[in-house]
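For reference, the structure is listed below as structure tokens.
Reminder, nothing fancy here: chain letters follow the sequence lines and each chain counts from 1. Because the structure is predicted, anything quoted here is derived from the model rather than measured.
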Amino acid sequence: MFLPKNLRENVAEIKISLEKRGESSSSIDQAIKLDEERREIIAEVEQLEHRRNTESVQIGELKAAGEESKAEGLIEEMARIKQQIQQLNDQLGELDRQLEDILLRIPNILDESVPIGADNSENRLEKQVGEPFKADFDPLPHWELGTARGLLDLERAQKISGSRFSVLPGKGARLERALINFMLDIQSGENGYQEIMTPVLVKPEAMEGTGQLPKFAADMYRTTDDGLYLIPTAEVSLLNLYREEILSPDVLPLKLTGWTPCFRREAGAHGKDTRGIMRQHQFNKVELVAICRPEESEELHNDLLGDACSILNRLELPYRIVTLCSGDTGFSAAKTYDIEVWIPSQNRYREISSCSNCTAFQARRAMIQYRPAPGEKARYCHTLNGSGIAVGRCWLALIENYQEKTGEITVPDALRPYLDGLKKL
RNA sequence: GGAGAGGUGGCUGAGUCCGGUUGAAAGCGCCGCACUCGAAAUGCGGUAUGCCCUUUAGUGGGCAUCGUGGGUUCAAAUCCCACCCUCUCCGCCA
């Protein structure tokens, strides 16, 4: 989010960025107007409050000196000023509310290197790794393959929870768990992230901190009795751990990883990916989060992308990297790389990780700062996040890409230690 | 779920009953300077945040903030109300 000051200082930039995203910039003018009115009133109120403060002291002194009648006169005057202050404060409150409402819904400013485009068809291809699945037979989609091999039970999932949920029996569950452990080991080991286990139910403030609220309330599950939200990604829990903190520079960059289930209502996705487990209301994900100094976020963004890729490299799954175009870049992000894995049954690449640099956008919302040196002013951090990687999609990509004519699924070498050396599923 | 205690600055902790230069004592920590070959110890000085106005300016002035939000009052860390959170004991439970 932008603070009024940010807004004033970056009007042109924010407007241009909004237009690149394909959104209207009219709200910006309105916000500027509100801000001007607000500041006028602030000046007026503070002047009155100053008078109130000084004259209240006088009243005290007069009373102490026994000059009751003089005091009475001042008290009457103060009563009038008090009313004026109250009135102006009411106006101010209303203006603040309106302004904040707009500010909370303005997306981050796009990085200059983000390609201009309307939707995902205009994302820029950066790199392709490995060769798409080739075989002398037609690959089965994962739901057929998984069901046939006893790894997936969508019927029973439907029975207990409905559509967009999955049940993984036996080796299916084992594979999921192996993937989680494998990913966490790589990220917390050689890639240098601190592993953290967090709650998956969080307060609304946490959702606001990372940018899910207020704009995307419809995408989230909310518990009615307590008003807590189920996280759509561990980014919410991990980043908000440091909300309202001023960090010491020697802990930066802070690199965190955690596995959690993620919950999404998929409100706007009716009819999309209705078969199989591509799009679920609940799925596992290993998340990567970094909190850093502004000047290092760009480099860390590339590192983070590399760390996400390292999983696919080891699993030897074919993938490509794209930079999201302006119209496809998410609300909180200044720039996003998507990693897309090859899905044989669909004959195309599908997102399996999204790595974003959110610059200071989330840090301002969540008040995550650091003090460059003792005595210096605190500055907002930059935040980054990326999937490292989505477990459910990895599961299905793996069984599809490693399927054989016989219906068997080969376990990639890197994963065998996590499955008791098992070579086939 | 029941009973009780409490939320004050980076930390510890006064002040709250009896409202009035209290942004808030004291100590610790931290920063600067002095002393020292250097360090420790000691001494002196400094040390919250946000916002508004003003200035050529790292200038000057002001407002707000003692868990949060309301209320009473000329004036509230101090009085009243509601809420949130933490801790202790009991109960229940993976």
With rounding to the closest Å, how many angstrom separate the [atom1] atoms on [N] and [M]?
{"N": "B:rU36", "M": "B:rU22", "atom1": "C1'", "answer": "40 Å"}
{"N": "B:rG15", "M": "B:rA25", "atom1": "C1'", "answer": "8 Å"}
{"N": "B:rA57", "M": "B:rU21", "atom1": "C1'", "answer": "31 Å"}
{"N": "B:rU56", "M": "B:rC51", "atom1": "C1'", "answer": "24 Å"}
{"N": "B:rC90", "M": "B:rC31", "atom1": "P", "answer": "45 Å"}
{"N": "B:rU78", "M": "B:rG23", "atom1": "P", "answer": "13 Å"}
{"N": "B:rU8", "M": "B:rA48", "atom1": "C1'", "answer": "13 Å"}
{"N": "B:rU49", "M": "B:rU55", "atom1": "P", "answer": "25 Å"}

Atom-pair distance ([atom1] on [X]; [atom2] on [N]), nearest Å:
{"X": "A:Ile246", "N": "B:rU47", "atom1": "CD1", "atom2": "P", "answer": "17 Å"}
{"X": "A:Glu72", "N": "B:rU73", "atom1": "CD", "atom2": "C1'", "answer": "13 Å"}
{"X": "A:Gln86", "N": "B:rC74", "atom1": "CD", "atom2": "P", "answer": "13 Å"}
{"X": "A:Glu205", "N": "B:rG67", "atom1": "CD", "atom2": "P", "answer": "18 Å"}
{"X": "A:Lys377", "N": "B:rC51", "atom1": "NZ", "atom2": "C1'", "answer": "11 Å"}
{"X": "A:Glu55", "N": "B:rA75", "atom1": "CD", "atom2": "P", "answer": "12 Å"}

| Within a radius of less than 6.0 Å around CD of A:Glu94, do more than 12 heavy atoms belonging to other residues, nucleotides or ligands occur? | yes
| request: Assess whether atom CZ of A:Arg416 is packed by more than 12 heavy atoms of other residues, nucleotides or ligands within 6.0 Å. | output: yes
From the options [options], select the nucleotide whose nearest atom is closest to the side chain of [X].
{"X": "A:Ile59", "options": "B:rG62, B:rC52, B:rG20", "answer": "B:rG20"}
{"X": "A:Arg52", "options": "B:rC52, B:rG71, B:rA64", "answer": "B:rA64"}
{"X": "A:Arg39", "options": "B:rC53, B:rA75, B:rG62", "answer": "B:rC53"}

Contact under 4.0 Å: [X] side-chain N or O vs [N] OP1/OP2:
{"X": "A:Lys63", "N": "B:rG20", "answer": "no"}
{"X": "A:Gln369", "N": "B:rA48", "answer": "no"}
{"X": "A:Arg51", "N": "B:rA75", "answer": "no"}
{"X": "A:Asn53", "N": "B:rG62", "answer": "no"}
{"X": "A:His50", "N": "B:rG62", "answer": "no"}

| request: Look at the aromatic rings of A:Phe331 and A:Phe216 and report parallel, tilted or perpendicular, splitting at 30° and 60°. | output: perpendicular
| message | Salt bridge check, A:Glu235 against A:Lys285: does any charged N sit closer than 4.0 Å to a carboxylate O? | response | no
| request: Taking the six-membered ring for Trp and the single ring otherwise, decide whether the centroids of A:Phe361 and A:His382 are under 6.0 Å apart. | output: no
| query | Applying a 3.5 Å limit to both distances, which nucleotide forms a Watson-Crick or G-U wobble pair with B:rU12? | reply | B:rA26
| In the structure shown, which nucleotide is the Watson-Crick or G-U wobble counterpart of B:rC92, with both distances under 3.5 Å? | none
| query | Just by distance, with hydrogens left out, do A:Asp338 and A:Asn123 show a side-chain donor and acceptor under 3.5 Å apart? | reply | no
| task | Remember a base hit wins even if backbone is also touched, and classify A:Arg8 as base, sugar-phosphate or nothing at under 4.0 Å, heavy atoms. | result | sugar-phosphate
| query | Which residue, A:Ser56 or A:Met78, contacts RNA chain B at a nucleotide closer to its 5' end, judged by nearest heavy atom? | reply | A:Ser56
| message | With nearest nucleotide decided by heavy atoms, which residue, A:Ile75 or A:Ala378, maps closer to the 5′ end of RNA chain B? | response | A:Ala378
